[in-house]
2 protein chains.
Amino acid sequence: MSSIEKRKHKQITIKHIAREAGFSFSTVAKALRNDPVVRLDTRQKILDAARKLNYYPNLMAKTLRSRKSKTIGIILNDLTNPLYYETIEEIEKKLKKSGYTMILSDSNFDLSIERENLITMLSKNADGIIFSPVSSSSDNMEIIFTNGINTVFIDAKPDNDRINYVYIDHQMASFLATEYLIDNGHKDILLFNGPKYLSSSDEFLKGYRKALEKNNIEMDESLLLWGDISIEKSYNKFLDLYHDKDSIPFSAVICLSDLMAIGIYKAARELGLHIPENLSVIGYDNIFVSEFLNPPLTTIHAPKKRVGLKAVEILLSRIENENGGYTKIELKPRLFVRESVSRFSK
Amino acid sequence: MSSIEKRKHKQITIKHIAREAGFSFSTVAKALRNDPVVRLDTRQKILDAARKLNYYPNLMAKTLRSRKSKTIGIILNDLTNPLYYETIEEIEKKLKKSGYTMILSDSNFDLSIERENLITMLSKNADGIIFSPVSSSSDNMEIIFTNGINTVFIDAKPDNDRINYVYIDHQMASFLATEYLIDNGHKDILLFNGPKYLSSSDEFLKGYRKALEKNNIEMDESLLLWGDISIEKSYNKFLDLYHDKDSIPFSAVICLSDLMAIGIYKAARELGLHIPENLSVIGYDNIFVSEFLNPPLTTIHAPKKRVGLKAVEILLSRIENENGGYTKIELKPRLFVRESVSRFSK
DNA sequence: TTGTACGCGTTATCAG
DNA sequence: CTGATAACGCGTACAA
């Protein structure tokens, strides 16, 4: 294939416009930015020529020159988790309104993939990153600090002063859930937590402990179950609990995620357990379907849209006025009572 | 703020490595690509220097020079629709494996936003586009053809020979649904279709018509309802149907999307209609929750992962070996019987 | 008001 | 084997 063939779709540049309109290319550059130093009628001619040639600017060249790419990197950990849908949509809308684009990538809870993702964002000159880290204490954090790229953490709050984050108070979430169950007469409450390496699991456990303490209930360590944020895995893990047992030593379950609650629903159906008569369940996140489950899931609502909204606001403000301090926002979850919890009395 | 301040985080370039390692920058460039013309030990020194300085390449410069950005644009229409996420995740994984990144954007069923999205992809020198168009006959199609950018359509098959697409046979989907209902004794079947401007609505209607014809049932035009792909809107629209009516003139509903079916579930609960005793419901897509609804939703499964997988395969193959023809793939949907349809007998 | 020259970080070609 | 130089498309001093 000849080298002419290869570049058959050569891009229209300001030079082409210059030739077409009969001006030098630097005048064209100014005209395209509507710079008032260019006379109105020549500006008009140039814009006409641009339209005629279907010109669009080469953002790579622009970025290379200006060091602003108008793109934001989003790094998440599980793109199939509906938890993120609303956040992502909100981010996309907000960014577009301000003329930004987003590069989306998934680390799959894997530190080395996360590392690659981070480097990619740097390589592509992202102006900023919205970042849900695998762990808030990994080496990957260094990449962000040494390169000084503007970033907003979501789902984590690293203990570093020079950082922005939008955090949902997971501790409060489990606290609310636990107290609600206690108020309804439950004492033996299983905490179906996320994986150990997640800082949210940590926080979730703390809130649970706190609520038990406050109500003078001693925590039974056997009622702590570590799982994964996945319907299938939760389903399996929950079934396993029942092997060789005639009765269960708890009357209620709190899940780190609505997805895990859905897994329990499925297991319960197979085990012939009725929710909430035989087992009460509380979830966390309030994903869009929780309301439509059978029975509708009582859950702790996480303000997902606000996370996206705030993250973008903070990021853009830091990008646009370089000075300015660091912003730390802590959003509060709320209990949504539906029908998966029953009053318990022995 | 001084101009020195502004560029405080100057990127490490091959020139810095050159100075550090004591070679010219063009030798460095070759060494970094492991070009064997560079002697092994100098290659080693250079790589060491690069690692020491935490070098990462500037992809903007690379792209400007090579006209390959290693990024793919994804243009969808409703980022909150769970339908897309399995596809997106699959795309993301596949792309990453091949060293590509994705820019994700949402057109929101709006032609002018779609236009912007397309231009952005061009401006950012995307190597290709995976594209779910608002309409397969709009002016925006021109942008793709005149610029000759590699694209794979999903959710639509424009009538143009020089195009790639991965299409799910929507006509077959509604055909399957309709026949299944007829087999179960239903004759008065409401088609709860998507918006008129969607080509999938068109196809969906055709399949429905075909199934009725084949079974010698005359179509009652009043049993065709145009809606939107949204839980809330479907819920409202369905409630409206019942105003000032004592009974409903149909025993079953087919929805263009599981989301619409969920809207109906909600409406039915409020109206005191039991599914499937008083009303049978079939959805389309088989999103991950359909199985967990009450009752589990009978639906037509759409092979969402395969759509993503195939789309990326086609796109990358076209990008990497420029020649090659156009690929058109038509994926077949499948009926998933669950519990939202009952046998009907008057 | 318009034009010229240079640099952003790469890759590619050609000399040495 | 290594190094100098031009080019990718754009922005910005500075000169005219």
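Order of the sequence lines sets the chain letters (A, B, ...), proteins ahead of strands, with each chain counted from 1.
- A distance of 12.0 Å separates CD1 in A/Ile314 from CD1 in A/Ile319, rounded to the nearest 0.5 Å.
- A/Thr42 comes within contact range of the sugar-phosphate backbone alone, with a heavy-atom separation under 4.0 Å but no base atom that close.
- Within the structure, a side-chain polar atom (N or O) of A/Arg67 is placed less than 4.0 Å from OP1 or OP2 of C/dG9.
- Rounded to an integer number of Å, the gap from A/Leu32 CG to C/dT2 P is 14 Å.
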*Give the C-alpha distance, both sets of side-chain angles, the deciding distance and a yes or no for side chain to side chain contact (heavy atoms under 4.5 Å, CB included) between B/Ile91 and B/Met102.*
CA-CA 9 Å; B/Ile91 291 175; B/Met102 71 187 212; 4.3 Å; yes
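- Atom CG in A/Asp35 sits roughly 11 Å away from atom C1' in D/dG11 (whole-Å rounding).
- Residue contacts shown for B/Arg39 are limited to sugar-phosphate atoms, with no base heavy atom under 4.0 Å away.
- Contacts of residues 12-27 of chain B with DNA chain D (heavy atom under 4.0 Å): B/Phe23, B/Ser24, B/Phe25, B/Ser26, B/Thr27.
- Between B/Tyr85 and A/Tyr85, the ring-plane angle classifies as parallel under the 30° and 60° cut-offs.
- Figure legend: A/Arg19 and A/Phe25 shown without cation-pi pairing, the cationic atom not lying both under 6.0 angstrom from the six-membered ring centre and within 45 degrees of its axis.
- Put simply, CZ on B/Arg65 is 13 Å from P on D/dA6, counting in whole angstrom units.
- Distance A/Ile46 CD1 to C/dT1 C1': 11 Å, rounded to the nearest Å.
- One can place NZ of A/Lys68 at 16 Å from C1' of D/dT12, the figure rounded to the nearest angstrom.
- Comparing the end axes of the helix from C/dT1-D/dA16 to C/dG16-D/dC1, each fitted to five base pairs by superposing C1' atoms of four pairs onto the next four, gives an inter-axis angle of 50° (nearest 10 degrees).
- Considering only side-chain N and O atoms, B/Tyr55 lies nowhere under 4.0 angstrom from the phosphate OP1 or OP2 of C/dG9.
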*Would you sort out whether A/Glu89 and A/Lys305 count as a salt bridge (Lys or Arg N to Asp or Glu O under 4.0 Å), showing the intermediate values?*
CA-CA 8 Å; A/Glu89 210 208 15; A/Lys305 282 195 184 186; 5.4 Å; no
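- For A/Leu64 and D/dG9, the CG to P distance is 12 Å, given to the nearest whole Å.
- Not one side-chain nitrogen or oxygen of A/Lys62 sits closer than 4.0 Å to the OP1 or OP2 atom of D/dG9.
- When distances are taken from the side chain of B/Arg33 to each of D/dG11, C/dA12, C/dT10, the shortest belongs to C/dA12.
- For the pair B/Tyr56 and C/dT10, the criterion of a side-chain N or O lying under 4.0 Å from OP1 or OP2 is not met.
- Checking each of B/Leu59, B/Thr63, B/Asn125, B/Asp127 against B/Lys68 for a side-chain contact (heavy atoms from CB on, under 4.5 Å) leaves exactly one that passes, namely B/Asp127.
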Let me have the donor-acceptor pairs involving side chains of residues 92-101 of chain B, under 3.5 Å, with sequence neighbours excluded, atom names and distances please.
unit_1	atom_1	unit_2	atom_2	d
B/Glu92	OE2	A/Asp106	N	3.0
B/Glu92	OE2	B/Lys96	NZ	3.0
B/Lys96	NZ	A/Asp106	O	2.8
B/Ser98	OG	B/Lys94	O	3.4
B/Tyr100	OH	B/Glu320	OE2	2.8
B/Thr101	OG1	A/Lys124	NZ	2.9

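- Note on B/Glu330 versus B/Lys157: salt bridge recorded, some NZ/NE/NH1/NH2 to OD/OE distance being below 4.0 Å.
- For the pair A/Arg318 and A/Tyr326, the cation-pi criterion (under 6.0 Å, within 45° of the ring axis) is fulfilled.
- Residue B/Leu76 is tested with B/Asp155, B/Ile154, B/Leu83, B/Asn108 for a side-chain contact (heavy atoms from CB on, under 4.5 Å); the sole match is B/Ile154.
- Whole-Å rounding puts the B/Leu59 CG to C/dT10 P distance at 9 Å.
- If you check every strand for non-hydrogen atoms under 4.0 Å, B/Val37 touches a base.
- Residues B/Lys30 and B/Met60 both approach DNA chain C. Their nearest nucleotides, taken by heavy-atom distance, put B/Met60 toward the 5′ side.
- If you take CG of A/Asn34 and P of D/dG11, they are 13 Å apart, rounded to a whole angstrom.
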